[in-house]
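Shown next, in structure tokens, is the structure this report addresses.
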Amino acid sequence: MIDAIGLATVGVAFGVMVASPGPATVAVMATSMSVGRKVGMRFGLGLSVGHIFWGCVAATGLGAVLQAASQVLFLLKLIGGGYLCWLAYCSFRSAARKSVVPINADARQNWFLRGLMLNLTNPKVVVAWIATLSLGVTDGENPHFIYTATILCIGLAFLTNATYALVFSTSVAMEFYSRFRRRIEVVVAGLYAFVGLSLIRSALSK
């Protein structure tokens, strides 16, 4: 029988983790405000699919292996840091423009992959999944607990990303973005750059 308290603990912990400020949440908020609901939902879907991948990895026990493999984490930090620095460059470039460049239909097709790439290359997601699933797990724990907790957390990831996309693509949010677009882009770029460079420095310091 599945421990309901342990499952609730995992759900709350993961919910706080996935909803807390970070590169992914900032990205889905900024994307939804700047481009609109459909693109924001596509970006959020990509983020959520990234969670499915790392959730399955953690649930099968491979996450602990990856965490212990320094070379794998080294590559993840470099790739993830480089990708965030690229996003920072894109945001800075957008802030430098005096007017908004329209997004055409072809460009929108890339937003799912951008969200997916962001979470696939984020080593913090790996560690977060391992730490979250370890909550409520005791010796001899029913293996169904891990699978149920994984499904719960994946559902929370989809719900959280969809909620961010819906809330920040409202007319009020998009109007706010249009008024302060350049300032918002600078702040977002700064956050991307800070986290990206921190990941690269962490990888090279070991």
Can you tell me how far apart [atom1] ([X]) and [atom2] ([Y]) are? Round to the nearest 0.5 Å.
{"X": "L118", "Y": "L84", "atom1": "CG", "atom2": "CG", "answer": "6.0 Å"}
{"X": "W54", "Y": "T150", "atom1": "CH2", "atom2": "OG1", "answer": "14.5 Å"}
{"X": "F43", "Y": "N161", "atom1": "CZ", "atom2": "CG", "answer": "9.0 Å"}
{"X": "C90", "Y": "E185", "atom1": "SG", "atom2": "CD", "answer": "10.0 Å"}
{"X": "L116", "Y": "R42", "atom1": "CG", "atom2": "CZ", "answer": "15.0 Å"}
{"X": "M117", "Y": "L87", "atom1": "CE", "atom2": "CG", "answer": "9.5 Å"}

R37 atom CZ, over 12 foreign heavy atoms within 6.0 Å: yes
Residues that F53 engages under side-chain contact (heavy atoms from CB on, under 4.5 Å), provided they are two or more places apart: V57, L120
Would you please name every residue forming a side-chain contact (heavy atoms from CB on, under 4.5 Å) with T160, sequence neighbours left out? V18, A19, Y164
Do I79 and L199 belong together in a cluster built from hydrophobic side chains that touch within less than 4.5 Å? yes
Are L156 and V10 connected, step by step, through hydrophobic side chains (Ile, Leu, Val, Met, Phe, Trp, Tyr) whose heavy atoms are closer than 4.5 Å? yes
Applying side-chain contact (heavy atoms from CB on, under 4.5 Å) to C85 and I200, what does each step give before you reach the verdict? CA-CA 10 Å; C85 288; I200 294 174; 4.2 Å; yes
Measure up the F14 and H51 rings against each other and bin them: parallel (under 30°), tilted (30 to 60°), perpendicular (over 60°). perpendicular
Tell me, with the steps shown, if S91 and V186 meet side-chain contact (heavy atoms from CB on, under 4.5 Å). CA-CA 7 Å; S91 293; V186 169; over 6 Å; no
Among T31, V195, L191, find the residue that satisfies the side chain to side chain contact (heavy atoms under 4.5 Å, CB included) test when tested with V26. L191
Quick one: list whatever passes ring-ring contact (aromatic ring centres under 6.0 Å, His included) with F180, sequence neighbours left out. F176
Looking only at heavy atoms, which two atoms of F168 and M174 are closest? And how far apart? O-CG, 4.3 Å
